[in-house]
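The structure under discussion appears below in the form of structure tokens.
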Amino acid sequence: MSKNAEEREDREERQGDLATEADRKVEKPRRYQVVLHNDDYTTMDFVVFVLIKFFNRTETEATHIMLSVHHRGHGVAGVYTKDVAETKVARVTDHAKQHGMPLRLTAEPE
């Protein structure tokens, strides 16, 4: 069958059909927590600095999160979309390595 014949047949099949727009369900993107994990080497001051610089926390918020990391073993630096969370983890990890700190962060689903 030629291309023109196929197109004509497709048009004939569509004539008389009522075009309806399918309902679109928009879901919110899954959110990820950037979690800081405790270690015995990274200084508390460095953790506070990272929270202020990379996560836009106030000094008070950063201190509170740092103490949570120190006492509970982990603390949430922020909640973001997956791409943003993974980027923040990579940037902070690189920054920590440049300064000789073994700070560990993970991006975990909320």
Side-chain angles (χ1 to χ4, degrees):
M1 189 180 280
S2 72
K3 186 176 180 180
N4 289 339
E6 287 178 16
E7 290 175 357
R8 198 172 349 152
E9 188 175 304
D10 287 343
R11 255 183 286 154
E12 288 172 2
E13 288 177 11
R14 284 186 269 143
Q15 286 181 347
D17 286 31
L18 179 61
T20 60
E21 191 172 312
D23 290 336
R24 294 182 187 178
K25 187 173 184 181
V26 179
E27 295 181 17
K28 290 183 179 179
R30 191 168 188 185
R31 308 282 286 176
Y32 286 75
Q33 297 176 337
V34 175
V35 180
L36 295 161
H37 300 276
N38 193 26
D39 64 73
D40 293 331
Y41 188 75
T42 304
T43 64
M44 293 180 181
D45 290 337
F46 186 77
V47 173
V48 170
F49 168 77
V50 162
L51 289 165
I52 292 169
K53 180 175 180 171
F54 292 96
F55 296 96
N56 299 318
R57 299 297 185 163
T58 65
E59 189 171 353
T60 303
E61 290 172 327
T63 302
H64 180 74
I65 294 167
M66 176 273 298
L67 289 172
S68 177
V69 171
H70 182 69
H71 293 293
R72 294 185 181 141
H74 59 85
V76 177
V79 180
Y80 309 94
T81 60
K82 183 177 182 179
D83 291 342
V84 173
E86 289 174 346
T87 301
K88 286 194 179 278
V89 168
R91 287 185 68 208
V92 172
T93 301
D94 288 345
H95 185 77
K97 284 181 184 176
Q98 288 174 1
H99 289 83
M101 299 290 178
L103 181 62
R104 191 167 76 91
L105 297 94
T106 55
E108 301 175 3
E110 202 173 26

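Here the shortest heavy-atom pairing between Ser68 and Gly75 reads OG-CA, 4.1 Å.
Each side chain to side chain donor-acceptor pair (under 3.5 Å) pair with one or both residues in residues 25-47, not counting sequence neighbours, appears once here: His37-Thr106, Asp39-Thr42.
Evaluation of the side chain to side chain contact (heavy atoms under 4.5 Å, CB included) rule for Thr60 yields Thr58 as partners, not counting sequence neighbours. Here Ala96 pairs with Phe46, Met101, Leu103 under the side chain to side chain contact (heavy atoms under 4.5 Å, CB included) rule; sequence neighbours left out. With sequence neighbours excluded, no residue forms a ring pair (Phe, Tyr, Trp, His ring centres under 6.0 Å) with Tyr80. Partners of Gln98 by side chain to side chain contact (heavy atoms under 4.5 Å, CB included), not counting sequence neighbours, listed by chain and number: His95.
Thr93 places no side-chain N or O within donor-acceptor distance of the main-chain N or O of Arg104, the cut-off being under 3.5 Å.
The distance from the CZ atom of Arg72 to the CD1 atom of Ile65 is 11.5 Å, given to the nearest 0.5 Å.
Within a 6.0 Å radius of CD in Glu59, no more than 12 heavy atoms belonging to other residues, nucleotides or ligands are found.
Cluster membership for Val92 and Val79, using ILVMFWY side-chain heavy atoms within less than 4.5 angstrom, is not shared. Placement of Val84 and Val34 within a single hydrophobic cluster is found when ILVMFWY residues are connected by side-chain heavy-atom separations under 4.5 Å, directly or transitively.
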Run the side-chain donor-acceptor check on residues 47-57: report pairs under 3.5 Å with partners two or more places apart or on a different chain.
from: Arg57; atom 1: NE; to: Ala77; atom 2: O; distance (Å): 3.0
from: Arg57; atom 1: NH2; to: Ala77; atom 2: O; distance (Å): 2.6

